[in-house]
Amino acid sequence: MRQSRLFTKTSKNVPHDADSVNAKYLTQGGFVHQEMAGVYSWLPLGLRVLRKIETIIREELDKLGAQEILMSALQPKESWEKTGRWDTVDVLFKVPSQTGKEYALGPTHEEIVTPLVKSFVQSYKDLPVAVYQIQSKFRDELRAKSGVLRGREFGMKDLYSFHLTQEDLEAYYRKVLETYLTIFTRCGLEAKVVEASGGAFTKKFSHEFQVLTPAGEDKVLTSEHGSFAQNCEIATLKEGDKNPENGEPLFCSTGVEVGNIFDLSSKFAEAFDLAVTDENGERRTVVMGCYGVGTTRLVGTIVEASHDDKGIIWPIAVSPYHVHLVSLRSKDEETQSRINAVSQEIYEGLWAEGVEVLWDDRDASPGEKFADADLIGLPLRLVVSEKTLKEDSIEWKPRNESEATLIDTEDIIEKVKGMME
RNA sequence: CGGGCUAUGGCGCAGUUGGUAGCGCGCUUCGUUCGGGACGAAGAGGCCGUGGGUUCGAGUCCCACUAGCCCGACCA
């Protein structure tokens with residue numbers, strides 16, 4: 001992508017209402033645009049990050065044998081009345097029709113997926129089954145905040161699994177838990193598995209995946225090394241107590257919940273009478289699990305977890321592009337055309353090797369280009385200038401390092417390929 | 001949903017006791033610069049959130065509404 005053609009621009013001005021690092025940098029860098037409180041449009045750079053996260057999630061869930069579907073966002077009121085959630089879920093957006101009917105705008109999809117699966121699953125032989133989707137969710141939050149971390153419209157991956165037995169459900173639940181940790185690691189995040197309340201989903205405890213950062217809104221009781229962690233809303237221990245696992249002291253930190261998994265047991269299956277015939281010819285109610293990952297929230301969380309005072313530092317796996325190729329201006333016409341030619345060659349050469357390059361070919365000053373490169377935060381910056389050409393080289397500077405080095409121009413593509421592995 | 005703050009060119013802001021709106025960024029043109037957001041000159045761009053009211057006169061004072069943000073509650 002040639003940056004001169006990118007329709008978004010960076011801004012030197014900090015948005016007046018940016019309340020968090022992610023809102024500030026994502027807006028200034030032109031990744032997202034706020035439309036209303038808690039509602040954002042995703043722009044080319046931001047959308048590329050979101051798509052990469054979604055791809056990671058798809059790859060990992062497909063390995064689990066889950067099948068991707070896309071359910072309706074507009075949902076029938078009757079289904080929500082059937083589960084008793086039409087009047088109890090206060091974040092539910094209720095949409096009136098001109099016909100006088102009302103619909104729900106999906107905050108989650110148990111009310112859709114359960115009857116959906118029922119229409120295909122009648123025998124124990126049809127189980128287990130797991131389906132997922134990546135879709136916009138709508139929740140009428142009284143107070144949206146923290147940029148992309150808590151919105152009224154947001155991207156979410158929701159997975160639902162259906163099992164004949166509680167044991168089978170629990171085994172799958174543990175597999176999803178492991179898969180989620182893989183997903184977050186691949187996104188460059190360190191997530192803690194945290195015991196939490198089941199909320200209105202289930203009376204049982206559930207597990208949350210928390211990324212510890214000051215921007216979070218959850219309080220989590222955790223120890224430095226152990227895997228033990230509890231959401232403070234359910235914690236039986238308190239700060240300063242010893243970790244039952246390894247005796248380490250527990251401390252309270254704030255975290256962002258990037259995922260949550262629930263053992264729903266037969267709650268929704270009962271509401272919709274989702275049952276199968278078992279091998280003895282008897283009807284048995286199915287048990288369910290549901291598992292969510294906030295995709296748009298992940299984008300914001302990564303920014304919160306990985307930035308400095310100049311901008312974002314994208315982990316390469318989710319970076320909108322891998323390389324920021326920066327061509328500097330020269331007043332000398334011949335030098336300028338050499339800079340252009342070398343840049344073009346590297347640009348095309350890298351793309352030919354599958355390396356995604358954002359090429360800053362704009363007619364802008366060096367300072368402006370460097371500042372923008374830091375703000376946008378691609379993992380590697382390559383500079384082509386009069387100075388580097390004199391050495392037949394390209395300047396190499398990783399975003400998370402302060403020192404730049406010169407690399408021979410002819411070696412540059414191989415070296416970048418090496419970094420990608 | 002309670003409490004508070006804010007609303008002025010695309011963005012960030014100033015605007016005195018009420019007298020007819022200004023700065024920075026960005027944008028256009030020209031020239032000079034060129035390795036960390038360069039400089040000069042000349043331009044374009046505003047019913048001051050909306051609706052009422054007070055006044056000879058309202059960006060400014062009063063009321064209502066709307067929107068954004070903050071604190072809290074809430075967060076299936």
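Below, chain A is the first sequence line, B the second, and so on; all start at residue 1.
B/rU28 sits 15 Å from B/rG9 when the C1' atoms are compared, rounded to a whole Å. Taking atom C1' on both B/rU17 and B/rG4, the two are 28 Å apart, rounded to the nearest angstrom. Rounded to whole Å, the C1' atom of B/rC65 lies 45 Å from the corresponding atom of B/rU29. Straight-line distance between the P atoms of B/rU20 and B/rU6: roughly 25 Å, to the nearest whole Å. Taking atom P on both nucleotides, B/rC69 is separated from B/rA64 by 23 Å, rounded to a whole Å. A distance of about 15 Å separates the P atoms of B/rG19 and B/rC62, rounded to the whole Å. On the C1' atoms, B/rA7 is 14 Å away from B/rG46, given to the nearest whole Å. With both ends at atom C1', the span from B/rC23 to B/rG15 equals 10 Å, rounded to whole Å.
In this structure, A/Y173 has its ring center closer than 6.0 angstrom to the ring center of A/H207.
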For residues 402-411 of chain A, run the donor-acceptor check on the side chains, cut-off 3.5 Å, and write out each pair with its distance to 0.1 Å, sequence neighbours left out.
residue: A/T409; atom: OG1; partner: A/D392; partner atom: O; Å: 2.9
residue: A/T409; atom: OG1; partner: A/S393; partner atom: N; Å: 3.2

Donor-acceptor list for residues 413-420 of chain A side chains, cut-off 3.5 Å, not counting sequence neighbours:
residue: A/E414; atom: OE2; partner: A/K417; partner atom: NZ; Å: 3.4
residue: A/K417; atom: NZ; partner: A/E353; partner atom: OE1; Å: 3.3

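Checked against side-chain contact (heavy atoms from CB on, under 4.5 Å), A/P15 has the following partners two or more places apart in sequence or in another chain: A/D17, A/A18, A/T27, A/Q28. A search for salt bridge (Lys or Arg N to Asp or Glu O under 4.0 Å) contacts involving A/K157 returns nothing, not counting sequence neighbours. The salt bridge (Lys or Arg N to Asp or Glu O under 4.0 Å) check on A/E239 picks up nothing, with sequence neighbours excluded.
Residue pairs meeting the ring-ring contact (aromatic ring centres under 6.0 Å, His included) criterion with at least one partner in residues 29-59 of chain A, sequence neighbours excluded, are A/F31-A/W314. Sequence neighbours left out, the pairs with a member in residues 137-166 of chain A that pass ring-ring contact (aromatic ring centres under 6.0 Å, His included) are A/H163-A/Y172. Residue pairs meeting the side-chain hydrogen bond (donor to acceptor under 3.5 Å, both in side chains) criterion with at least one member in residues 250-262 of chain A, sequence neighbours excluded: A/S206-A/N260. Residues in residues 284-311 of chain A take part in these side-chain hydrogen bond (donor to acceptor under 3.5 Å, both in side chains) pairs, two or more places apart or across chains: A/N22-A/E304, A/S161-A/Y291, A/D308-A/R399.
Between the A/T114 side chain and the A/E110 main chain, a donor and an acceptor come within less than 3.5 Å of each other.
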Next item on the list: At under 4.0 Å between heavy atoms, which parts of nucleotides 26-42 of chain B does protein reach? Answer with one letter per nucleotide, 5' to 3': B base, S sugar-phosphate only, - none.
Entry: S-------BBBBS----
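A straight line from CG of A/N13 to P of B/rC13 spans 8 Å, rounded to a whole angstrom. The CD atom of A/E35 sits 14 Å away from the C1' atom of B/rA67 (whole-angstrom rounding). Nucleotide B/rA73 holds its P atom 11 Å from the CD atom of A/E217, rounded to whole Å. The separation between A/Q34 atom CD and B/rG10 atom P is 18 Å, rounded to whole Å. Rounded to whole angstrom, the span from the NE2 atom of A/H16 across to the C1' atom of B/rC69 amounts to 7 Å. In this structure, A/F7 places its CZ atom 18 Å from P of B/rG10, rounding to the nearest Å.
Considering only heavy atoms from C-beta on, A/Y103 stays 4.5 Å or farther from A/P76 through its side chain.
Remark: RNA chain B takes part in the stems B:1-7 with B:66-72, B:10-13 with B:22-25, B:27-32 with B:38-43, B:49-53 with B:61-65, each of 3 or more antiparallel Watson-Crick or G-U pairs, criterion distances under 3.5 Å.
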Could I get a table of every N or O pair under 3.5 Å where one atom is in the protein and the other is in nucleotides 70-72 of chain B?
residue: B/rC70; atom: OP1; partner: A/D19; partner atom: OD2; Å: 2.4
residue: B/rC71; atom: OP2; partner: A/R143; partner atom: NH1; Å: 3.4
residue: B/rC71; atom: OP2; partner: A/R143; partner atom: NH2; Å: 2.1
residue: B/rG72; atom: N7; partner: A/R143; partner atom: NH1; Å: 3.4

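Toward the 5′ end of RNA chain B lies the nearest nucleotide of A/G38, the other residue of the pair A/G38 and A/V91 mapping further downstream.
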